[in-house]
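This one's a predicted model, so the numbers in the text were calculated from it and none came from an experiment. Atoms within each ligand, like the ligands themselves, are counted from 1 in listed order.
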Amino acid sequence: MSRVPQHGLPMTLSVGEVARRSGVAVSTLHFYETKGLIRSERTVGNQRRYARAVLRRVSFIRVAQRVGISLADIAAALATLPVTAAPGREDWARLSAAWRAELDERIAQLKKLRDALDDCIGCGCLSIDRCRLRNPNDRLGDDGAGPQRLLVKK
Ligand code: FES
């Protein structure tokens with residue numbers, strides 16, 4: 001049972017309480033903890049207890065994951081905050097602005113992939129010479145077939 005101060009809200013939360021309030025499975029919370037994204041203290045009976053700020057940290061992690069940010073990048077972002085602090089509005093604005101630029105870049109890459117796939121639909125050649133999806137980095141492909149750097153140009 002959590003300690004309850006005079007204002008009626010528990011100062012710390014058990015892992016079950018965090019799971020219930022955040023909607024995140026206990027196993028996921030344990031995983032986040034092994035990755036250093038959240039942190040708990042241990043009671044005398046060796047049970048995990050989380051500061052209330054963990055709820056906002058978990059929300060932060062979930063939103064970031066929803067927009068495709070890797071756990072490593074989320075961990076790096078959270079590492080800029082005090083260990084048990086919840087990200088505030090200013091923290092969120094700063095970190096999410098950086099992620100927006102990454103999201104724009106990923107969208108641009110996905111559009112290029114979609115356009116390349118449009119060329120492939122109905123084709124099926126999977127040719128290393130012609131297919132942009134099969135050989136996306138072939139910058140020398142326009143110069144002709146074969147090892148362009150080794151061929152003597154006339
Ligand atoms: S499968 Fe033919 S161009 Fe990609």
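Residue C131: no N/O/S atom is found under 2.8 Å from atom 2 (Fe) of ligand 1. At least one N/O/S atom of C125, whether from backbone or side chain, sits less than 2.8 Å from atom 2 (Fe) of ligand 1.
Side chains of T12 and E41: a donor-acceptor N/O pair is absent below 3.5 angstrom, by distance only. The closest side-chain donor-acceptor pair between R57 and Y50, if any, does not fall under 3.5 angstrom.
If you number the atoms of ligand 1 from 1 as listed, the ones under 4.0 Å from a heavy atom of C120 come out as 1 (S), 3 (S), 4 (Fe).
Note: I128 CD1 to N135 CG = 5.0 Å, rounded to the nearest 0.5 Å. Atom CG in D91 sits 4.5 Å away from atom CG in L81 (nearest 0.5 Å).
At least one heavy atom of G124 sits closer than 4.0 Å to an atom of ligand 1. At a 4.0 Å cut-off, at least one heavy atom of L126 sits close enough to ligand 1 to count as contact.
A salt bridge links R100 and D104; the closest N-O separation between the charged side-chain nitrogens and carboxylate oxygens is under 4.0 Å.
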